[in-house]
2 protein chains.
Amino acid sequence: MTLTELRYIVALAQEGNFSRAAERCSVSQPTLSVAIARLEDELGVQLFERGKGFVSPSDVERQVVLQAQHALDEAEKVRQIAQRGRDQLEGVLRLGIIHTIGPYLLPQLIHSLKAVAPGMPLAIEENMTANLADMLRDNDLDVVIVALPFDLPGVLTRPLYDESFKVVVPLGHPWESKTAIAPEDVAGDEVLLLKAGNCFRDQVLGACPQVSSPETDIRLGHSIGTIRCMVASGLGVSVLPEGALQHPYSNDLIRVLPFVEPAPSRRIALAWRSGFVRPKAIEALLEAVRRLEVPAYRLLV
Amino acid sequence: MTLTELRYIVALAQEGNFSRAAERCSVSQPTLSVAIARLEDELGVQLFERGKGFVSPSDVERQVVLQAQHALDEAEKVRQIAQRGRDQLEGVLRLGIIHTIGPYLLPQLIHSLKAVAPGMPLAIEENMTANLADMLRDNDLDVVIVALPFDLPGVLTRPLYDESFKVVVPLGHPWESKTAIAPEDVAGDEVLLLKAGNCFRDQVLGACPQVSSPETDIRLGHSIGTIRCMVASGLGVSVLPEGALQHPYSNDLIRVLPFVEPAPSRRIALAWRSGFVRPKAIEALLEAVRRLEVPAYRLLV
DNA sequence: TAGCTGCTATAGTTATTCCCTATAGTGGCA
DNA sequence: TGCCACTATAGGGAATAACTATAGCAGCTA
């Protein structure tokens with residue numbers, strides 16, 4: 001049984017005449033005749049009465065023709081759904097992003113993306129790098145935004161921007177009058193860190209070798225927002241990515257100080273499976289990043 | 001797009017691996033690979049990510065695969081419905097029958113048919129010969145039971161039985177003591193006839209040439225039952241087919257007299273379109289007639 | 001009843017499609 | 001670098017599906 005044969009029986013049932021049905025199907029009369037005979041043979045039922053001017057199916061035959069029409073309709077829907085999917089910028093894009101970027105980049109990125117690809121909403125998964133990597137590999141995500149390095153087999157990356165680290169201290173802190181801090185000066189257990197697993201924690205530890213990293217310490221934040229509050233409360237100092245310190249976040253209760261040049265930074269990148277079927281969606285995301293109205297980032301795209 | 005291709009993408013989506021999917025479809029891996037590529041090309045959408053160990057469709061691809069499954073299901077239903085129709089003795093048989101036979105033959109015929117083809121109920125259309133002929137031609141009926149002659153292009157007939165005509169008179173009628181009536185004796189306007197259009201009326205007129213047939217006459221019955229009542233009421237005499245005079249119809253108020261041999265009779269036959277797709281249903285009907293427990297009929301099958 | 005008409009089936013041929021085997025290409029991994 | 005797992009490509013052969021031409025059949029008409 002083929003879709004062509006089903007088309008034939010539907011046409012024949014409607015036309016009631018082999019020749020006209022064949023013409024409608026753009027085939028010769030013998031072609032249709034043979035095809036009908038073949039299908040009847042396969043199904044074991046004679047679907048059409050031959051002879052005279054009418055060939056109207058009855059009872060079971062009518063049902064078969066009706067069902068054939070249903071099958072053809074369903075097949076056509078396959079085509080329609082595929083058609084809808086032809087535009088790679090249509091449909092949800094599943095984006096994973098790390099905690100230390102999400103809240104600060106996404107509001108602007110989503111706004112920007114809406115201009116580039118209005119038909120492509122983002123389904124956001126905020127998580128830690130390791131989990132995002134798993135989800136990307138397992139096709140639970142289409143694309144992720146993480147900090148480099150991010151080496152996974154079969155995954156391509158593209159740098160988006162570099163993000164400097166900044167020192168944050170409470171108002172009235174001795175460093176308040178300094179113009180720049182050296183990474184080595186950030187030391188001791190007054191430095192507030194994110195909990196283990198967050199990549200930014202490791203990035204800070206890498207940038208400021210003097211920072212101690214006790215495994216269990218109340219001085220561990222759940223998120224950058226928590227850290228900021230802890231600093232404002234005078235619990236210590238910290239290092240945060242510049243993205244988290246931009247407008248519209250209020251820095252009234254803390255003092256933000258730059259590192260001495262070259263300031264430590266991290267490189268934020270887009271990553272996706274090399275075989276991802278919607279490359280244009282990647283392009284759209286890159287374009288959305290390009291159009292970000294955030295001068296602080298040193299864009300790389 | 002072919003059903004085979006749809007089967008392929010469903011298998012591939014489930015197996016997540018070209019080789020295994022191919023094996024499941026009983027084709028070689030290149031065959032499936034090419035078929036998928038061809039379908040993707042036709043639909044204009046890349047449905048599957050290639051590479052690594054997983055090939056799980058996402059979003060639009062998932063929908064396409066789901067819809068493909070629906071289409072395959074519908075196609076399978078075509079096969080099932082056809083399967084149901086394979087047994088020609090399954091499903092309603094649309095039977096037309098003339099008024100002067102229906103009420104007398106059908107009760108027994110239906111009973112008999114139930115033994116021969118329990119899965120084939122009859123949809124009864126009781127009408128006059130001309131209308132039955134139209135309905136048979138237009139495929140509104142599958143088969144009809146009428147009196148011969150019944151010549152229609154493309155229609156085959158098979159005699160079932162011969163049915164003698166009988167004279168019926170009211171109790172106390174002068175003919176009551178006669179053993180047999182000659183057709184010529186049935187004459188005058190005391191003879192009750194069916195209304196015009198009923199074939200039996202014409203058969204009586206043909207058998208008894210002396211009967212007058214005024215076009216408008218109150219002595220016209222709607223049915224044989226009516227005629228019988230009119231005779232019982234003393235309104236006249238009539239000629240009826242023997243089938244209408246059998247058990248369980250009470251003949252207490254009338255006297256039934258035979259014609260002198262050879263008694264006039266009519267030949268009852270089955271008729272169907274020569275191309276009718278359920279020849280076995282015809283055979284079953286014939287067999288049901290054969291098994292009728294009515295010794296009065298001179299069966300011809 | 002012969003011939004015509006309208007319809008479907010069959011025969012024979014050609015063209016296409018489909019599927020197979022063999023092998024190349026690719027990326028991950030040890 | 002070589003191996004492994006996987007998919008794509010090439011080339012040939014078999015099956016299928018198409019076409020044209022024509023036969024066969026039934027009904028209709030002269």
Side-chain angles (χ1 to χ4, degrees), chain A residues 1-9 11-13 15-42 46-57 133 136-139 150-157 272-277, chain B residues 1-9 11-13 15-42 46-57 133 136-137 139 151-157 272-277:
Chain A
M1 183 165 52
T2 69
L3 288 174
T4 303
E5 287 167 354
L6 296 184
R7 262 187 289 275
Y8 288 170
I9 65 173
L12 181 53
E15 293 292 340
N17 173 297
F18 279 64
S19 299
R20 281 198 302 278
E23 188 178 358
R24 191 209 275 203
C25 296
S26 305
V27 294
S28 69
Q29 170 265 315
T31 295
L32 186 129
S33 201
V34 168
I36 298 283
R38 183 176 51 237
L39 181 59
E40 286 181 333
D41 186 56
E42 178 186 344
Q46 190 181 342
L47 295 174
F48 297 95
E49 285 186 24
R50 270 70 160 183
K52 283 231 15 139
F54 82 101
V55 203
S56 62
L136 184 63
R137 171 171 48 80
D138 296 345
N139 194 16
F150 188 72
D151 292 319
L152 254 79
V155 167
L156 302 177
T157 61
W272 64 95
R273 292 181 304 280
S274 56
F276 182 49
V277 294
Chain B
M1 182 164 52
T2 68
L3 288 174
T4 304
E5 287 167 354
L6 296 184
R7 263 186 289 275
Y8 288 171
I9 66 174
L12 182 53
E15 293 292 341
N17 172 297
F18 278 66
S19 299
R20 281 198 302 277
E23 188 178 358
R24 191 210 278 200
C25 295
S26 306
V27 294
S28 69
Q29 169 266 314
T31 295
L32 186 128
S33 200
V34 168
I36 297 284
R38 184 176 51 236
L39 181 60
E40 286 181 334
D41 186 55
E42 179 185 344
Q46 190 182 343
L47 296 175
F48 298 94
E49 286 185 23
R50 270 71 159 181
K52 282 235 15 138
F54 81 100
V55 203
S56 62
L136 184 63
R137 171 170 48 79
N139 194 15
D151 292 320
L152 253 78
V155 167
L156 301 177
T157 61
W272 64 94
R273 292 181 305 279
S274 57
F276 182 48
V277 294

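Labels below follow one simple rule: chain letters A, B, ... track the order of the sequence lines, proteins then strands, and each chain is numbered from 1. Basis for what follows: all heavy atoms, side chains included, without hydrogens, waters or symmetry-related copies.
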What integer distance in Å separates [X]:[atom1] from [N]:[atom2]?
X         : N       : atom1 : atom2 : value
Glu5(A)   : dA18(D) : CD    : P     : 9 Å
Leu12(A)  : dC7(C)  : CG    : C1'   : 12 Å
Leu152(A) : dC29(C) : CG    : P     : 9 Å
Glu23(A)  : dC7(C)  : CD    : C1'   : 15 Å
Leu3(A)   : dA17(D) : CG    : P     : 13 Å
Ile36(A)  : dA9(C)  : CD1   : P     : 9 Å
Arg38(B)  : dC19(C) : CZ    : P     : 7 Å
Gln29(B)  : dA10(D) : CD    : P     : 14 Å

Any side-chain N or O of [X] less than 4.0 Å from the OP1 or OP2 oxygen of [N]?
X        : N       : result
Asn17(A) : dG6(C)  : no
Thr31(B) : dC18(C) : no
Tyr8(B)  : dC18(C) : no

Most 5' of Ser33(B) and Thr4(A) on DNA chain D, judged by nearest nucleotide: Ser33(B)

Pairwise distance CG(Leu12(A)) to CG(Leu47(A)) - rounded to 0.5 angstrom: 9.0 Å

To the nearest 0.5 Å, how far apart are CZ in Arg24(A) and CZ in Arg7(A)?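 If we round to the nearest 0.5 Å, Arg24(A):CZ and Arg7(A):CZ are 12.5 Å apart.
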
I would like to know whether Glu15(A) and Glu23(A) meet side-chain contact (heavy atoms from CB on, under 4.5 Å); could you show each step before the answer? CA-CA 10 Å; Glu15(A) 293 292 340; Glu23(A) 188 178 358; over 6 Å; no

For DNA chain C, whose closest nucleotide is more 5', that of Ser28(B) or that of Val34(A)?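 Its nearest nucleotide being more 5', the pick is Val34(A).
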
5' priority, DNA chain C, between Val27(B) and Ser274(A) [closest heavy atom]: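 Nearer the 5' end of the strand: Val27(B).
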
Ignoring the backbone of [X], work out which of [options] is nearest its side chain.
X        : options                  : result
Ser19(A) : dA18(D), dT20(D), dT8(C) : dT8(C)
Pro30(B) : dA9(C), dT21(C), dT8(C)  : dT21(C)
Phe18(A) : dT8(C), dA8(D), dT20(D)  : dT8(C)

Do Thr31(B) and Tyr8(B) come within less than 4.5 Å of each other through their side chains, counting heavy atoms only? yes

Over all strands shown, is Thr2(A) touching base, sugar-phosphate only, or nothing at heavy-atom distances under 4.0 angstrom?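 Thr2(A): no heavy atom of the nucleic acid under 4.0 Å.
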
Name the one of Thr4(A), Ile9(A), Val27(A) that satisfies side chain to side chain contact (heavy atoms under 4.5 Å, CB included) with Leu32(A)?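 The side chain to side chain contact (heavy atoms under 4.5 Å, CB included) with Leu32(A) is passed solely by Val27(A) among Thr4(A), Ile9(A), Val27(A).
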
